[in-house]
Amino acid sequence: MNHWHPESWQDKPAKQQAHYPSLEALNETLAQLAQLPPLVTSWEIEALKEKLAAAARGEAFLLQGGDCAENFSDCNSQIVTNKLKILLQMSLLLIHGLSKPVIRVGRIAGQFAKPRSADTETINGVTLPSYRGDLVNGPEFTPEARTPDPVRLLRGYGRAAMTLNFIRALSDCGFADLHHPENWDLDFMSHSPLAKEYRQVVEELSHSLKFMETLGSARNSDLNRVQFFTSHEGLHLHYEQSLTRQVPNRSGYYNLSTHLPWIGFRTAATTDAHIEYFSGIQNPVGVKVGPGMSSQWIQELVERLNPHSEEGKLLFIHRFGVNNIAEGLPPLIQAVKRTGRPVLWVSDPMHGNTESTQNGYKTRHFDNILSELEQAIEIHRSEGTILGGVHFELTGDDVTECIGGARGLDEAGLKRAYKTQVDPRLNYEQALEMALAITHKMGRR
Ligand code: PEP
Ligand code: CO
């Protein structure tokens, strides 16, 4: 820690990194990136940390969600607004059902790099590097597309900046006005079996809003805009390093590419480069934890990533799978309790529940996702800890990637609109249903 520097990770073994054909070209690109303005500010990051501290105390709730991987081609008005709309709609249901402020964090504006189970992929005797996300290479199975290209780092930065610019503009004006939730309606929503329950909640909230304004207890400026934060897996360490900066009047380094970077399950070994990099930044950081993680390992993560016992600094995002959480989670919770340091517990009920159908579709069953989430709520209750948030892969679009939900999507239905290049996402309806399920299980009603 004493010798930490944005580049000190380079002395440690780094997993899941791209192998560029020309180091010179890579370094040239990184030098350019290092000159570009930051995407977020330290003020925003510190404000998020405070909100996350409230979530850890049970006074707020974190809703983190978005694509498994953003594609450069998804950087368009409709896909971005639909994602914001579904997060806003879910947050309304959660605010209403849990009676708590909801912190909205997208897997957005930078979620471009993916860990893969193998470095290479072989098709018909031809072996090429695996697709590692648009930040690194292209998904097409050709040598040109699959060769990592550093220019993609600049394009990724550009896409992240454009996305964020649009999010900021939308958050600050009519679109995000709580008086007009109809702005967040999705085209296909009116046919949904959940539409009625959603509308009821919106109506109740509108009444409360009017009531508060009549009393004069709500400030208009608070209600005309909403806050969104961004997050992505901090996988590509060269990229993260080049956006890690010092800022005036604060000590330490901030990763200014995103508010909340997280460490993936495959790169969380304490001796590895990712932990080294993350141990030195001031941002709140998430770590995915799951099967095979020992008590000692998670305690070391706490020591390395939250050495000053800061509230809101460290999130453990657990992703065990429906059949493993009951056995796996309690020992980790107990180990963290013994450190005496504060953490925010978050459930990712997606990544332990991925399976393949006979036709080769990667999918997840709605019932398994829901069951893991419900078990997570119960386990934290019985351990006396707080489940302060949820982490989903979802989209505001009408895709068919996960099986089940109110409309009973079955295996045969997956092919209608299966669009993901990596993990299957909840569609807008399944996402709303999940938000309702959380309020039914955790809420006051
Ligand atoms: C992800 O969040 O897309 C991911 C790869 O998760 P995990 O690291 O938990 O497997
Ligand atoms: Co994923």
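Quick note: numbers below take in every heavy atom, side chains included, and nothing from hydrogens, waters or symmetry partners. Both ligands and their constituent atoms are indexed starting at 1 by order of listing.
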- Message: Which of the numbered atoms in ligand 1 are under 4.0 angstrom from any heavy atom belonging to Lys114?
- Response: 1 (C), 3 (O), 5 (C)
- Item | Pair Ser42, Gln282: side-chain N/O donor-acceptor within cut-off below 3.5 Å | no
- Polar side-chain atom of Glu401 near backbone of Lys419 as donor-acceptor pair, under 3.5 Å: yes
- May I ask you to check if ligand 1 and Arg319 share an N or O to N or O distance below 3.5 Å? yes
- the Co ion (ligand 2) neighbourhood, protein N/O/S only, threshold under 2.8 Å: Cys68 SG, His351 NE2, Glu393 OE2, Asp423 OD2
- Would you kindly say whether Gln16 and Arg132 are connected by a side-chain donor-acceptor distance under 3.5 Å? yes
- Query: For Lys51, does the NZ atom sit with more than 12 other heavy atoms under 6.0 Å from it, leaving out its own atoms?
  - Reply: no
- Message: Do Glu44 and Tyr254 pair up side chain to side chain, a donor and an acceptor below 3.5 Å, judged on atom types alone?
- Response: no
- Relative to the heavy atoms of Arg266, which atoms of ligand 1 are at a distance of less than 4.0 Å? 5 (C), 10 (O)
- Establish, from distance only, whether the side-chain atoms of Tyr157 and Ser242 form a donor-acceptor pair under 3.5 Å. no
- Atom indices of ligand 1, in the order listed, that fall short of 4.0 Å to a heavy atom of Arg107: 1 (C), 2 (O), 3 (O)
- If we number the atoms of ligand 1 from 1 as shown, the ones under 4.0 Å from a heavy atom of Gly264 are 8 (O)
- Message: Between Asp423 and Arg364, does any side-chain N to carboxylate O distance fall below 4.0 Å?
- Response: yes
- Query: Identify the closest protein heavy atom to atom 8 (O) of ligand 1: which residue and atom is it, and at what distance?
  - Reply: Phe265 N, 2.8 Å
- Message: Regarding Arg416 and Thr400, do their side chains bring together a donor and an acceptor under 3.5 Å, going by distance alone?
- Response: no
- Message: For atom 1 (C) of ligand 1, what is the closest protein heavy atom, and at what distance to 0.1 Å?
- Response: His351 NE2, 2.9 Å
- Item | Taking atom 5 (C) of ligand 1 as the reference point, the nearest protein heavy atom with its distance | Pro115 CG, 3.8 Å
- Item | Atoms of ligand 1 close to Cys68 [distance to a heavy atom under 4.0 angstrom, numbered from 1] | 3 (O)
- Determine the interplanar angle of the Tyr418 and Tyr361 rings, folded into 0 to 90°, and report it as parallel if under 30°, tilted if 30 to 60°, perpendicular if over 60°. tilted
- Note on the structure: Of all protein heavy atoms, the one nearest atom 6 (O) of ligand 1 is Lys288 NZ, 2.9 Å
- Query: Of the backbone atoms (N, CA, C, O) and the side-chain heavy atoms from C-beta on, which set of Glu393 has a member under 4.0 Å from an atom of ligand 1: side chain, backbone, both, or neither?
  - Reply: side chain
- Task: Of all the heavy-atom pairs spanning Leu305 and Pro307, show the shortest one and how long it is.
- Result: C-CD, 3.4 Å
- Query: Side-chain contact, heavy-atom cut-off 4.5 Å: Glu70 with Arg107?
  - Reply: no
